[in-house]
Structures are given as structure tokens and as C-alpha cells.
Amino acid sequence: MPEGPSIVILKEQVQKFKGKKILEVSGNTKVDLVGAGVAGSKVLDFKSWGKHFLIVLKGRAIRIHFLLFGSYSLDEQTKPRPRVHLHFKNGDLFLYACSVKLLEGDIDTHYDWTADVMNDTWDPRKARKKLKDKPDELAADALLDQDIFAGVGNIIKNEVLFRIRVHPESQIGALPPRKLSELIREARNYSFDFLEWKKAFELRKHWLAHAKSICPRDNVPFVKVKHLGKRKRRAFFCPKCQKLYIL
DNA sequence: CCGGTTGTTCAGCG
DNA sequence: GCGCTGAACAACCG
């Protein structure tokens with residue numbers, strides 16, 4: 001369920017609850033939403049920041065993070081033990097196996113929207129500046145850094161690196177300026193491709209590197225690393241066409 | 001039954 | 001306080 005584009009889809013799907021009053025709240029979250037008086041308040045907006053799904057109320061927001069296994073359903077409860085269940089006059093929102101937090105105060109004080117690769121205000125120059133401060137960082141780790149590329153997950157990471165022909169263990173500081181620009185540009189571009197493919201239920205079909213075994217460019221077997229970089233995530237890359245840049 | 005995963009946080013240590 | 005490591009958590013699939 002994770003990765004930024006999936007959250008953007010969720011945000012679109014719950015639009016019918018925007019402006020509506022939460023009539024009832026329940027679920028097994030440890031956050032005391034009932035005691036906090038969430039029932040009775042109106043949803044002012046739904047927002048997303050990277051992989052965070054935000055239910056904005058007056059003066060506060062419920063922050064949902066689906067981690068690896070989280071999921072949701074609309075109107076029908078499809079799984080046992082919802083973490084959060086919001087009941088509206090015109091339907092229901094069920095959130096399962098997610099992390100829940102209550103953010104107090106203006107939502108804008110909690111988030112830098114320009115760091116979200118899917119956001120209208122995404123600022124590639126800021127990303128570049130942050131990357132400049134981490135020359136030793138591996139390209140694979142940098143792409144997963146939510147302070148720089150909020151919303152990018154492991155699939156997007158692998159696909160972006162394949163697209164721009166960069167080895168995941170390349171160091172950021174060793175990338176030629178043009179390559180660095182490509183990395184930043186494709187982190188956003190691929191996220192929007194991901195969004196469209198996911199909406200069409202054909203995401204996997206478009207994977208060129210992630211979970212694949214042969215490079216579609218030159219038929220060479222992909223290298224598969226189980227725990228690559230400091231974030232120790234799965235990596236798939238072509239030893240032939242993805243260049244290793246080292247300082 | 002076991003191993004693996006589109007992710008993050010926190011305790012424990014040096 | 002920092003950086004690193006491993007554990008913990010969660011649900012489902014093959």
C-alpha cells in the first residue's frame with residue numbers, strides 16, 4: 001500500500017468525505033481519538049505528504065502511515081480489526097494496520113510540502129541542495145530519504161536508478177551534475193508514471209527492474225542484493241548498463 | 001510452516 | 001548526542 005502515489009490515489013478516493021462531519025470514530029488504535037473528541041468534528045481537508053495520509057480537522061490532523069502492510073477500504077469493512085473507523089453520513093472509511101498520530105496545531109507547521117515529490121510545490125533545487133550536503137551517501141539511500149524525496153519507496157528507487165542508468169551504490173557526490181539532475185527529475189517523473197499505472201491496475205506490468213531477473217536493455221541477468229545500503233533494502237540492477245560512480 | 005516484503009521507529013550500545 | 005544495529009511491529013502471499 002505504501003509509496004507516495006498510492007496515498008495520492010487514496011486522497012482522491014475519499015473526496016466525498018471532505019467537508020463532512022465525522023459522526024462516529026472507533027478502532028483499535030492506541031491513540032485516543034474518541035477522548036480527543038474527533039467524533040463530531042468536520043473533515044476540513046485530506047492531504048498527503050510523501051507516504052503520510054492526513055485527515056485535517058480544525059486545529060489538528062490525524063496522521064496515518066501505512067508502513068509496509070497497511071491498507072484501507074471505503075464503505076465496506078473488508079478486514080477484521082480496523083485500526084481506525086470513521087463513520088460519515090454518506091459512508092465509512094476503514095484504515096487497517098497503520099500507524100496513527102494526532103498532530104496538534106496548523107498542519108503547515110508540521111510539513112515542508114516542497115519536499116514531497118508529488119506535491120505541486122515540489123522544489124528540485126532544494127533537493128539538490130540537500131544532496132550536495134551528503135556526497136558520501138549512496139544513490140539508493142538518498143532516494144529513500146524522506147526528508148529529500150518524500151514519497152519515494154523501494155520500487156520507485158529501483159526503477160529510477162534503472163531509468164537513469166545509475167548503479168545503486170554510486171555516491172551522490174560522484175554523480176556528474178547532469179546525472180544528479182536526472183535523478184531528481186525522475187524521482188518525480190516516475191512517481192507520476194507509477195500513479196497512472198497504479199490507477200490502471202497495471203503497475204507491475206511496467207516494472208523494468210524491480211523484482212525482475214533479466215535486464216530488458218541488454219539481456220544480462222540483474223544483480224539482486226537483499227540488503228543494500230544503510231537502509232538495507234532490496235536492490236535490482238544491471239551490472240552492464242547501470243554505471244557505478246565513485247568519488 | 002517458513003520466509004519474504006511498496007516502511008518506520010526505538011532501544012541499546014560504543 | 002551521534003551513528004550504527006537489530007528488534008519490533010504489521011498482514012498477507014507463495
Side-chain angles (χ1 to χ4, degrees), chain A residues 1-11 13 27-31 48-54 62-73 76-85 94-103 110-112 115-118 133-163 168-169 171 186-213 222 224-237:
Chain A
M1 174 52 226
E3 304 229 17
S6 305
I7 307 302
V8 170
I9 291 170
L10 166 58
K11 191 170 62 176
Q13 289 176 337
N28 65 7
T29 173
K30 276 173 271 174
V31 178
S48 62
W49 181 86
K51 301 163 189 169
H52 297 201
F53 173 58
L54 303 163
I62 305 170
R63 191 209 76 176
I64 302 295
H65 197 306
F66 292 100
L67 303 167
L68 256 186
F69 311 120
S71 61
Y72 65 90
S73 65
E76 295 288 317
Q77 182 178 333
T78 57
K79 295 182 178 179
R81 301 176 299 279
R83 180 79 81 243
V84 176
H85 171 198
F94 298 92
L95 306 165
Y96 312 96
C98 52
S99 146
V100 181
K101 239 180 161 176
L102 206 51
L103 304 180
H110 287 92
Y111 291 101
D112 173 8
D116 175 2
V117 297
M118 306 290 293
D133 289 338
K134 309 185 172 219
D136 299 333
E137 190 91 331
L138 302 189
D141 284 327
L143 277 166
L144 292 172
D145 188 333
Q146 300 299 297
D147 291 332
I148 306 177
F149 299 107
V152 170
N154 206 35
I155 297 172
I156 297 175
K157 174 202 83 179
N158 282 320
E159 294 294 326
V160 166
L161 291 172
F162 178 73
R163 237 183 210 192
E169 288 172 305
Q171 289 170 297
E186 290 306 323
R188 177 171 165 93
N189 278 351
Y190 189 87
S191 295
F192 280 95
D193 288 342
F194 184 123
L195 174 66
E196 292 313 311
W197 293 330
K198 177 118 186 163
K199 280 182 181 174
F201 304 103
E202 57 182 32
L203 181 61
R204 283 162 190 265
K205 193 173 97 184
H206 293 276
W207 288 353
L208 297 179
H210 189 261
K212 308 298 277 188
S213 47
F222 272 122
K224 180 176 171 180
V225 179
K226 209 176 281 183
H227 302 292
L228 185 141
K230 71 175 187 193
R231 293 176 201 276
K232 296 187 169 19
R233 303 300 302 277
R234 288 206 298 171
F236 301 85
F237 59 94

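Because only heavy atoms are used, hydrogens play no part in the values below, and waters and symmetry mates are left out as well, while side chains stay in. Letters go in sequence order (proteins before strands), and every chain restarts at 1. Computed from a prediction, not measured in an experiment: that's the story for all the values here.
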Pairwise P distance, C:dA7 and B:dG3 [rounded to whole Å]: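 Pairwise P distance, B:dG3 against C:dA7, rounds to 14 Å.
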Please give the distance between the P atoms of B:dA11 and C:dG1 as a whole number of Å. 14 Å
Would you call the rings of A:Trp197 and A:Tyr190 parallel, tilted or perpendicular if under 30° counts as parallel and over 60° as perpendicular?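 Perpendicular: the ring planes of A:Trp197 and A:Tyr190 meet at over 60°.
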For a quick check of understanding: with a heavy-atom distance under 4.0 Å over all strands, which category does [X] fall into, base, sugar-phosphate or nothing?
X	answer
A:Lys79	sugar-phosphate
A:Arg234	sugar-phosphate
A:Arg83	sugar-phosphate

Measure from [atom1] on [X] to [atom2] on [N] and round the result to the nearest Å.
X	N	atom1	atom2	value
A:Glu3	B:dT8	CD	P	9 Å
A:Lys230	B:dT8	NZ	C1'	14 Å
A:Leu68	C:dA11	CG	C1'	10 Å
A:Lys224	B:dT5	NZ	C1'	11 Å
A:Gln77	C:dA11	CD	P	13 Å
A:Asp193	B:dT6	CG	P	20 Å
A:Lys101	B:dT9	NZ	P	7 Å
A:Lys51	B:dT5	NZ	C1'	13 Å

Are more than 12 heavy atoms, taken from residues, nucleotides or ligands other than A:Glu76, located less than 6.0 Å from that residue's CD atom?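 No, the 6.0 Å shell around CD holds no more than 12 heavy atoms from other groups.
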Check this for me, if you would: do A:Lys134 and A:Asp145 make a salt bridge, where the nitrogen-to-carboxylate-oxygen distance has to be below 4.0 angstrom?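 Yes, A:Lys134 and A:Asp145 are salt-bridged.
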For the pair A:Glu3 and A:Lys198, find out whether any cationic side-chain nitrogen is under 4.0 Å from an anionic carboxylate oxygen.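 Result for this pair is no, no salt bridge flagged.
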[N], OP1 or OP2 - any side-chain N/O from [X] closer than 4.0 Å?
X	N	value
A:Lys232	C:dT5	yes
A:Arg231	B:dT8	no
A:His65	B:dG7	no

In terms of side-chain heavy atoms of A:Lys198, which of B:dT6, C:dG6, C:dA10 is nearest? B:dT6
Nearest-nucleotide pick for A:Phe69, side chain only, options being B:dT5, B:dG7, B:dT6: B:dT5
Quick one: the dot-bracket string of DNA chain C, using Watson-Crick and G-U wobble pairs with both distances under 3.5 Å, [ ] for crossing pairs and | for bases paired to another strand. .||||||||.||||
List the steps, then state whether ring pair (Phe, Tyr, Trp, His ring centres under 6.0 Å) holds for A:Phe162 with A:Phe222. CA-CA 11 Å; A:Phe162 178 73; A:Phe222 272 122; 5.7 Å; yes
Between A:Phe66 and A:Tyr96, the two heavy atoms sitting closest are CD2-O, 4.3 Å
Side chain to side chain contact (heavy atoms under 4.5 Å, CB included) assessment of A:Ser99 paired with A:Arg83: CA-CA 8 Å; A:Ser99 146; A:Arg83 180 79 81 243; over 6 Å; no
